[in-house]
Structures are given as C-alpha cells and as structure tokens.
2 protein chains.
Amino acid sequence: MVTIKQVAQRAGVSFKTVSRVVNNDPTVKPENRDKILAAIEELGYQPNIAARMIRKKNSDIIGFISDEISTTPSSVDIIRGAQDMAWEKGKTLMVFNLNQKDANPAQLFDECTQHRAEGVIYGAMYHQPVSLPKSFEKLPTVMVNCFDPGQKYPAIVPDDEQAAYYVTRQLLAKGYRRIAFLNLNPDIIAAQLRLAGFEQALTEYGITEDNYIVKTIEQVKGDKVIDVTRDMTLDVLDNFKPDAILCGKDLVAVRVYFVLESLKIKVAEDIGVASFDNWDAIPDILVPGLSTMSLPYYEMGRRAVQKVIETSEHKRNTQSGEPEKITCLLASRESF
Amino acid sequence: MVTIKQVAQRAGVSFKTVSRVVNNDPTVKPENRDKILAAIEELGYQPNIAARMIRKKNSDIIGFISDEISTTPSSVDIIRGAQDMAWEKGKTLMVFNLNQKDANPAQLFDECTQHRAEGVIYGAMYHQPVSLPKSFEKLPTVMVNCFDPGQKYPAIVPDDEQAAYYVTRQLLAKGYRRIAFLNLNPDIIAAQLRLAGFEQALTEYGITEDNYIVKTIEQVKGDKVIDVTRDMTLDVLDNFKPDAILCGKDLVAVRVYFVLESLKIKVAEDIGVASFDNWDAIPDILVPGLSTMSLPYYEMGRRAVQKVIETSEHKRNTQSGEPEKITCLLASRESF
DNA sequence: TTGTAAGCGTTATCAT
DNA sequence: ATGATAACGCTTACAA
C-alpha cells in the first residue's frame with residue numbers, strides 16, 4: 001500500500017506537507033498542493049484510517065449490534081437509516097448480528113471496544129424491554145426498538161400508542177362505528193400500547209364498550225404460539241358484525257383479506273380494513289391496497305445514530321428518562 | 001483507554017510480555033501469565049485493533065457493498081450469511097449500502113481501501129449483470145447475486161435454472177400434467193434461466209407445447225411496469241385450464257391464491273401451486289402453506305466470504321470463469 | 001509556508 | 001523466558 005511518504009517523495013516535499021494537503025490544511029503553497037494532488041492521483045494513495053485513528057483519538061466508528069433472532073425484514077430499515085445518518089455525519093457503522101450459535105452481546109460489545117467505537121447502538125427486532133450486560137456502560141449506548149427497564153440508556157422506539165390512536169381516529173372520522181381490533185399477543189409491548197391508543201380514540205368519540213371489540217390473534221397452545229386469525233375473523237364477523245377491522249400487523253391483514261374474499265365481503269366497500277407495519281410489498285400486493293400505519297424504522301435508525309453521537313460528544317450516558325417515541329405515519333391506500 | 005503498557009506496569013513486567021500473553025505466545029512463565037491475565041481483567045484491557053493493524057499487515061476486514069436500490073428483504077440473508085462466515089473465520093464484515101443520494105460504488109470502495117479491507121464483496125438485490133468501476137480491480141472482489149458480464153470477478157449466484165428444473169420435475173412426479181408458468185419479466189436473468197429449466201424438465205417428461213403455457217406477470221405500460229397477475233391468472237384458468245400453476249415469486253403466489261379463493265378453487269385439492277423465493281413469512285401465511293423453491297441467500301453470503309478469503313490468500317483475482325451457482329432447495333409445504 | 005521530532009498502541013527483531 | 005529498540009503510517013507540537 002502506498003503511504004504518505006511515497007507521495008511526498010514523488011511530489012518532492014516532506015511527508016508532513018502531504019499530510020497537510022490530505023487534511024485540507026490551507027497553509028500549503030498552491031503550487032505544492034497541485035504537485036501533491038497529482039502524486040496522490042498517480043499513486044492511488046488512500047489514507048490509512050487505522051494509522052490515523054491511533055494518533056487522533058477518535059475512530060469515527062459507531063457499533064450497531066442487532067438482535068436478529070426473529071428476522072423481521074422491515075427492521076432492516078433501522079440499519080439502513082442508521083447507515084445513512086452515519087454516512088451523513090462522516091461516521092462508519094460497524095454492524096454485528098447476534099446469531100444464536102456463539103456470539104453474545106458482551107462479545108460483540110468487546111468487538112466494538114476493540115475497534116474503539118465511539119458509541120454503540122443496540123437494536124431489537126421488535127419493540128421490547130432488553131437488559132444489556134453491564135459492559136455496555138463503558139461506551140455511550142443507545143437502544144433502538146427496545147429499551148432498558150431501568151432507563152439506563154437513551155432509547156428510540158416507535159410511538160405505538162400514537163399509531164393506534166391516529167389510525168383509529170382516521171377510521172372514526174370516515175364514519176366507521178363498530179371496529180374490531182385483532183391485536184397482537186398482549187405480552188408484547190406494542191400490543192399494550194396500541195390497545196391504549198385505540199381505546200383513547202374511541203373514548204374521545206364516545207364509542208362505548210358494546211360498539212368495539214378487541215381480540216388476540218395468537219393463542220398459546222402448550223409451549224407453542226399459534227395464529228388463530230382466521231377463526232377470530234370469522235368469529236368476529238359472525239358475532240360482532242364490525243364495519244371495520246384493525247389488524248395487529250400486515251400479515252394478519254393478509255389472512256383477514258382471505259377470509260373476506262371467501263365470504264364475498266368487499267374490502268373498503270363492505271368493510272374497512274386497517275393495519276400496522278407497512279411491511280414492504282405486502283400492502284401493495286393486496287387488492288384494494290392496504291392502508292396501514294408504517295413503523296418508522298428508517299427514521300428510528302437515523303435518530304439512534306444522531307443520539308449516540310450527541311451522547312458521545314457530551315459524554316453523558318445516564319439519566320436518560322423515557323424512551324424517545326418516533327411518530328408513525330399512515331401509509332394511506334384504499335382499504336378504508 | 002487502557003493500553004498494553006498500563007497492564008505491564010500493573011503486572012510488573014515489560015509491555016512486550018503482555019503482548020505475548022495477548023497473542024497466546026506460549027513462551028511466558030505461567031506465573032507471569034496469571035499475573036498479566038489478572039491485570040488485564042482488573043483494568044478491562046481491550047487490544048486496540050487499529051494499532052495492531054498498522055503493524056501487522058492484515059486488517060481482517062472484509063468490505064460488503066450492497067446495492068439496496070430495490071429493498072428485497074430476503075436478500076438481507078446474504079448479509080447475514082456473510083457475517084456469520086466472517087465471524088467464523090475471525091474476520092469483520094464492514095457493510096456499506098448504496099443509497100441513491102450520494103454514495104456511489106467507487107466511493108464505497110475507497111472507504112474499504114481506507115480501512116485496508118482484505119477484499120470486497122459486491123452484492124446485488126436481485127440476480128443481474130453488474131459492471132463495477134475499474135477501482136475494484138485493486139482488491140480481491142467477489143460478486144454475489146450478480147456477475148460481471150466479462151467474468152472479471154468470481155461470482156456467486158442462485159442456480160435459477162436448477163430451481164425451475166427441480167420444482168417442475170417435482171410437479172410432474174406428483175402427476176401434474178398441465179402446468180402454467182407465470183414467469184417474471186423476461187428481461188430478468190432469473191426469468192430466462194427458470195424458463196430454460198422449466199422447459200428442460202417438461203421435455204424430459206415428454207410434455208409437448210400444447211400441454212404447458214408460459215405467461216409474464218409484468219407488462220410495460222409506457223415507462224411503467226405494472227403487475228397483471230390477476231388478469232393473467234384468470235386468463236390462464238379460463239383458456240388453458242392448468243392442473244398446476246408455477247409462480248415467478250411468492251408475491252405472485254399470494255395474488256394467485258386470491259384469485260383461486262374468489263373462484264372457490266381449492267389449492268392442492270383442485271390445483272397445485274408452486275413458486276420461487278421462500279420469502280420470509282409469506283409462504284406460511286398462506287393456507288395451505290406454499291411449497292416454494294427457496295433462494296439460497298444465506299448460503300450465498302457464506303460462500304462469498306469464503307471465496308473472497310480464498311482469493312485474497314492466493315492473490316489472484318482474474319480468470320474467474322462462470323459464476324458459481326448455489327443450489328436451491330424446495331421448501332415443501334402443502335400447496336402441491 | 002514548510003519541516004523535524006515525538007508520539008499513538010501495537011508487533012517484529014534481536015539481544016540477553 | 002524476557003526485554004530493549006525499532007518500526008508501522010499517521011497526527012501533533014514546535015521550530016525554522
């Protein structure tokens with residue numbers, strides 16, 4: 001690999017002058033600058049980031065540790081957002097995956113330390129509480145799509161309550177008055193928050209308990225969780241007769257669409273359908289297109305990087321308070 | 001940050017002895033080794049990879065540049081596979097995304113060079129030819145899910161022809177005799193290869209042209225590509241009356257299922273359905289579960305890392321020959 | 001405006 | 001078995 005010294009020799013100056021040019025130091029005679037730039041070009045010189053790193057004390061590296069046990073594809077957008085923001089800020093994101101086999105969070109954290117990462121982001125694949133190993137205290141840490149139960153670290157999460165509140169109000173505003181909510185497993189944070197938002201909106205519209213219904217689309221059978229969307233949908237259609245169905249996630253909406261199709265009930269025309277996720281191609285593959293609250297993964301990733309840079313600059317990690325909630329937007333199509 | 005010297009002082013030895021312990025050099029008195037290990041533990045010493053890198057000549061870093069213009073979620077598995085293999089081989093994968101805005105391949109390549117990556121993997125999000133900038137010649141480069149038209153670099157691609165051949169034979173083996181193939185846009189490599197595999201299998205079974213049909217599910221309207229799966233499916237059912245439908249991707253299968261549902265035609269019972277992708281939760285959300293040829297993204301990622309390590313060790317990049325095809329397996333469920 | 005010397009944290013070399 | 005010393009490629013501090 002070509003070094004700064006080789007460039008210096010080629011240009012006929014001292015290596016320090018080359019360093020100046022590389023670092024955009026203005027105090028270089030234009031004539032020399034041109035000579036040096038030419039030499040850099042000819043030799044194809046690229047600065048050695050590692051060497052630079054040990055002398056300057058910043059690495060410009062941010063570690064991203066992702067819990068990918070359950071591979072929710074859209075959560076990849078968290079990483080894309082993080083990467084874009086890192087790029088904009090002149091940082092490099094080093095991504096590590098937590099895969100069953102061998103790697104544990106502490107190990108991956110050490111990896112980050114060894115690369116002298118300036119901060120670490122821990123990302124989970126669905127909104128949940130996570131307790132990180134103690135070692136994470138040694139570096140500015142930001143949690144994304146998850147949070148520490150003791151609020152030890154700043155956290156970025158989707159505003160699930162707002163999402164449910166918003167979509168419910170949209171349904172109500174369009175005149176729907178008997179909404180069935182096919183919610184996710186109530187063990188999940190998102191399910192709890194959405195229920196709150198859902199009921200809040202209903203209350204504000206004066207909808208009483210006999211005019212809405214909430215069901216769970218997952219049932220625990222022994223140690224297995226099984227999806228009962230179809231039965232639930234049929235049940236709700238028969239016994240509650242809703243004018244709109246709010247689904248816990250887009251995949252639930254797919255099954256609901258199938259049930260409706262089989263009953264010749266037309267989405268939008270005969271019944272409104274709404275959902276959460278805006279999961280990739282799913283909402284568009286359905287006919288009519290599914291109106292669904294998009295989880296702001298990309299934005300969360302961006303915000304996490306911003307936050308970790310802030311914390312590392314201010315060198316404070318503690319007293320983080322409530323997780324920062326990122327607003328969810330409605331991806332509006334034709335299903336209600 | 002704790003350095004090797006501080007550990008040395010704490011343990012009462014020279015810093016070189018600490019270096020020996022850190023690098024598992026056996027020529028250290030056990031007594032000293034214990035003292036040093038204790039000091040490392042107490043001080044929380046972590047080696048500085050950057051410093052190590054400038055002295056040793058290897059970085060143990062592999063760059064992964066991914067064309068994420070079209071975000072096919074499952075292609076994330078390429079990265080997961082690459083990351084797992086890198087971890088197993090003691091390498092660190094540095095992932096860079098190609099996002100419209102500003103970053104171009106050459107820039108990201110430079111980023112890799114600056115980190116002194118030992119090799120670079122270029123990954124595309126669907127199987128396609130790609131011409132890389134000339135700069136990639138400077139580092140061992142492997143292409144994954146894409147290939148250089150001039151075979152300049154080793155490439156890892158899914159064996160689309162084998163996939164189509166295999167699934168078609170499976171259909172035929174189960175007795176299906178009138179197969180309709182709703183293929184992807186014929187501009188796409190995968191579509192061309194699959195057509196070849198499909199027809200090969202049919203020929204071997206002596207199926208003649210009037211007993212199969214191939215249709216495209218995308219149509220170009222002006223400068224827009226529109227999905228015509230529904231119309232095509234209805235058309236084929238009406239006019240060709242197939243006993244099985246082979247879909248170009250799982251999302252096509254979803255639409256086909258809807259059409260069949262609306263016509264009260266039962267999948268598996270009345271008609272076989274097969275597909276390509278094994279895309280995340282889709283095949284399982286359908287009822288009956290979709291039997292589909294899985295694209296071996298994870299394995300491709302693993303293989304790409306293996307290959308880039310091989311090439312970097314043997315220092316040869318040229319004369320790569322045909323892309324290496326990774327076998328696709330049938331994810332068998334209940335749809336045929 | 002430019003260059004010299006020192007230093008970053010590590011490994012390599014060679015002596016002890 | 002251990003330790004001085006040099007070296008890696010760069011930046012910082014300071015001098016010219």
Side-chain angles (χ1 to χ4, degrees), chain A residues 1-40 43-61 90 92 110-118 138, chain B residues 1-37 39-40 43-61 90 92 110-118:
Chain A
M1 271 290 141
V2 14
T3 74
I4 215 172
K5 288 189 183 170
Q6 294 168 33
V7 175
Q9 194 172 22
R10 177 73 153 241
V13 295
S14 87
F15 72 91
K16 176 67 239 202
T17 311
V18 177
S19 171
R20 289 202 172 88
V21 170
V22 171
N23 291 284
N24 295 315
D25 186 328
T27 70
V28 177
K29 217 199 297 178
E31 179 195 324
N32 278 338
R33 153 165 280 112
D34 291 346
K35 261 195 285 186
I36 291 169
L37 286 173
I40 287 177
L43 300 175
Y45 167 77
Q46 294 283 146
N48 185 326
I49 288 189
R52 178 177 289 176
M53 195 185 304
I54 54 168
R55 196 65 251 269
K56 299 172 57 164
K57 287 303 203 155
N58 59 330
S59 65
D60 285 338
I61 287 177
T92 300
D110 285 351
E111 198 89 1
C112 294
T113 312
Q114 289 173 14
H115 283 279
R116 296 298 183 267
E118 295 169 357
K138 288 185 242 162
Chain B
M1 269 290 142
V2 181
T3 75
I4 215 171
K5 289 189 183 173
Q6 295 169 32
V7 175
Q9 193 172 25
R10 178 73 152 238
V13 295
S14 86
F15 72 90
K16 176 68 238 205
T17 310
V18 177
S19 171
R20 288 202 173 88
V21 170
V22 171
N23 291 282
N24 294 313
D25 186 329
T27 71
V28 176
K29 221 197 299 179
E31 182 195 323
N32 277 338
R33 153 165 280 111
D34 292 346
K35 261 195 286 187
I36 292 168
L37 286 173
I40 287 177
L43 300 176
Y45 167 76
Q46 294 284 146
N48 185 326
I49 288 188
R52 175 177 290 176
M53 194 184 305
I54 54 168
R55 194 67 251 265
K56 300 174 53 165
K57 287 303 202 155
N58 60 330
S59 65
D60 286 336
I61 287 178
T92 299
D110 285 350
E111 198 87 1
C112 294
T113 312
Q114 290 173 14
H115 284 279
R116 295 299 184 266
E118 295 169 357

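Every chain is numbered from 1, with letters handed out A, B, ... down the list of sequences.
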Distance (rounded to the nearest 0.5 Å) between [X] [atom1] and [Y] [atom2]:
X      : Y      : atom1 : atom2 : value
B/H115 : B/T92  : NE2   : OG1   : 11.5 Å
B/Q46  : A/C112 : CD    : SG    : 10.5 Å
A/E118 : A/I61  : CD    : CD1   : 8.0 Å
B/K5   : B/S14  : NZ    : OG    : 11.0 Å
A/I54  : A/N48  : CD1   : CG    : 8.5 Å
B/R33  : B/R20  : CZ    : CZ    : 11.0 Å

- Using only side-chain N and O atoms of A/T17, determine if any of them is under 4.0 Å from OP1 or OP2 of C/dT1.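 Checking C/dT1 against A/T17, no side-chain N or O comes under 4.0 Å of OP1 or OP2.
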- Item | N or O in side chain of A/N32 less than 4.0 angstrom from C/dT1 OP1/OP2 |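 Answer no for this pair, as no side-chain N or O of A/N32 is under 4.0 Å from OP1 or OP2.
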Taking the side chain as every heavy atom from C-beta outward, state whether [X] and [Y] have any atom pair closer than 4.5 Å.
X      : Y     : result
B/V22  : B/I40 : yes
B/T113 : A/M1  : yes
A/R116 : B/I49 : no

Atom-to-atom span, [atom1] of [X] to [atom2] of [N] - whole angstrom:
X     : N      : atom1 : atom2 : answer
A/N48 : C/dC8  : CG    : P     : 18 Å
B/I49 : C/dT10 : CD1   : P     : 11 Å
A/I4  : C/dG3  : CD1   : P     : 13 Å

- Query: What is the nucleic acid contact for A/K5, judged by heavy atoms within less than 4.0 Å: base, sugar-phosphate only, or nothing?
  - Reply: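 Counting heavy atoms under 4.0 Å across all strands, no contact is made by A/K5.
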- Message: So A/V22, base contact, sugar-phosphate only, or nothing? Heavy-atom distance under 4.0 Å.
- Response: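 It contacts nothing in the nucleic acid.
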- Message: With heavy atoms of chain B within less than 4.0 Å as the criterion, where does contact along DNA chain D begin and end?
- Response: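 That gives a stretch of D/dA1 to D/dG9.
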- Task: Assess whether atom CD of B/Q9 is packed by more than 12 heavy atoms of other residues, nucleotides or ligands within 6.0 Å.
- Result: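 Count not over threshold, so no.
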- For the residue pair B/A39 and B/A11, what are the closest heavy atoms and their distance?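 Scanning both residues, the minimum pair turns out to be CB-CB, 4.1 Å.
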- Task: Report the end-to-end axis angle of the helix from C/dT1-D/dA16 to C/dT16-D/dA1; each axis comes from five terminal pairs, and the value is rounded to 10°.
- Result: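 The angle separating the two end axes equals 40°.
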Extract from the structure each pairing of a protein N or O with an N or O of nucleotides 12-14 of chain C at less than 3.5 Å, listing the distance.
{"unit_1": "C/dA12", "atom_1": "O4'", "unit_2": "B/R55", "atom_2": "NH1", "d": "3.3"}
{"unit_1": "C/dA12", "atom_1": "N7", "unit_2": "B/K16", "atom_2": "NZ", "d": "3.3"}

- Query: Between A/A50 and B/K29, which has a closest nucleotide on DNA chain D that is more 5'?
  - Reply: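 Upstream on the strand: B/K29.
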